[in-house]
Q: 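My questions will all concern the structure given below.
This structure is a prediction, so every number in the text was calculated from the model and none was measured.
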Amino acid sequence: QVQLMESGGGLVQAGGSLRLSCAASTRTLSIYAVGWFRQAPGKEREFVSAISQTGGRTSYADSVKGRFTISRDNAKNTVYLQMNSLKPEDTAVYFCAADWRYDAFDDYEYWGQGTQVTVSS
């Protein structure tokens with residue numbers, strides 16, 4: 001089992017940037033694919049991005065392509081989500097999740113508690 005903790009959320013103006021971090025404790029993160037998901041008030045949780053164990057594969061939701069970049073530093077046991085050109089519709093609680101299976105975006109096993117991102121217009 002792996003415990004995940006997100007950080008880096010906050011309040012930013014539209015057009016600004018934030019970098020989220022997902023750190024793992026209790027176990028090395030390098031054996032897991034990691035994804036970022038978000039949930040806005042009154043909406044269902046949605047997939048944002050994912051990265052494979054080695055970083056060789058990445059996926060993005062159409063709504064964030066070209067603006068968000070996922071990366072990982074396995075030496076630091078951390079996965080990042082660089083978010084640029086933020087829009088008010090990016091406002092949500094962002095969660096990181098981990099699983100052995102890179103493609104199981106609907107069924108990742110381990111989840112963090114989330115970090116709030118608020119983008120003001």
Q: According to salt bridge (charged side-chain N to carboxylate O under 4.0 Å, His left out), does anything in residues 30-54 pair up with another residue at least two apart or in another chain? List the pairs.
A: Arg38-Glu46, Arg38-Asp90
Q: I'd like to check the ring pair (Phe, Tyr, Trp, His ring centres under 6.0 Å) partners of Tyr60; sequence neighbours left out, ordered by chain and number.
A: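 Applying ring pair (Phe, Tyr, Trp, His ring centres under 6.0 Å) to Tyr60 gives none.
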Q: Is it true that Tyr80 and Val64 fall in one hydrophobic cluster, defined by side-chain heavy atoms closer than 4.5 Å?
A: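 In one cluster with Tyr80: Val64, no.
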Q: Any heavy-atom pair between the side chains of Leu18 and Phe68 that's under 4.5 Å?
A: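 SC-SC contact between Phe68 and Leu18 ruled out.
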Q: Quickly, which of Val79, Leu29, Val34 forms a side chain to side chain contact (heavy atoms under 4.5 Å, CB included) with Leu4? Name it, please.
A: Leu29
Q: Is Val2 linked to Ile31 within one hydrophobic cluster, defined over Ile, Leu, Val, Met, Phe, Trp and Tyr using a side-chain heavy-atom separation of less than 4.5 Å?
A: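 Val2 clusters together with Ile31.
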Q: Could you name each residue pair satisfying side chain to side chain donor-acceptor pair (under 3.5 Å) that touches residues 9-22, not counting sequence neighbours?
A: Ser17-Asn84
Q: Testing the basics here: between Thr118 and Gln116, what is the closest heavy-atom pair and its distance to 0.1 Å?
A: OG1-NE2, 3.3 Å
Q: Go through the structure and list residues passing side chain to side chain contact (heavy atoms under 4.5 Å, CB included) with Ala50, not counting sequence neighbours.
A: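 Per chain and number, Ala50 pairs via side chain to side chain contact (heavy atoms under 4.5 Å, CB included) with Phe47, Tyr102, Phe105, Tyr108.
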Q: Check the surroundings of atom CD in Gln113: do more than 12 heavy atoms from other residues, nucleotides or ligands lie under 6.0 Å from it?
A: no
Q: May I ask you to test the Leu20-Met83 pair for a side-chain heavy-atom distance under 4.5 Å?
A: yes
Q: Going by salt bridge (charged side-chain N to carboxylate O under 4.0 Å, His left out), name the pairs with one or both residues in residues 107-120, residues two or more places apart or in two chains.
A: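 Only Arg101-Asp107 qualify under salt bridge (charged side-chain N to carboxylate O under 4.0 Å, His left out).
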Q: So does Ser30 get a backbone contact from the side chain of Gln53, meaning a donor-acceptor N/O pair under 3.5 Å?
A: no
Q: Check ring pair (Phe, Tyr, Trp, His ring centres under 6.0 Å) between Tyr94 and all other residues, then give those that pass, not counting sequence neighbours.
A: none
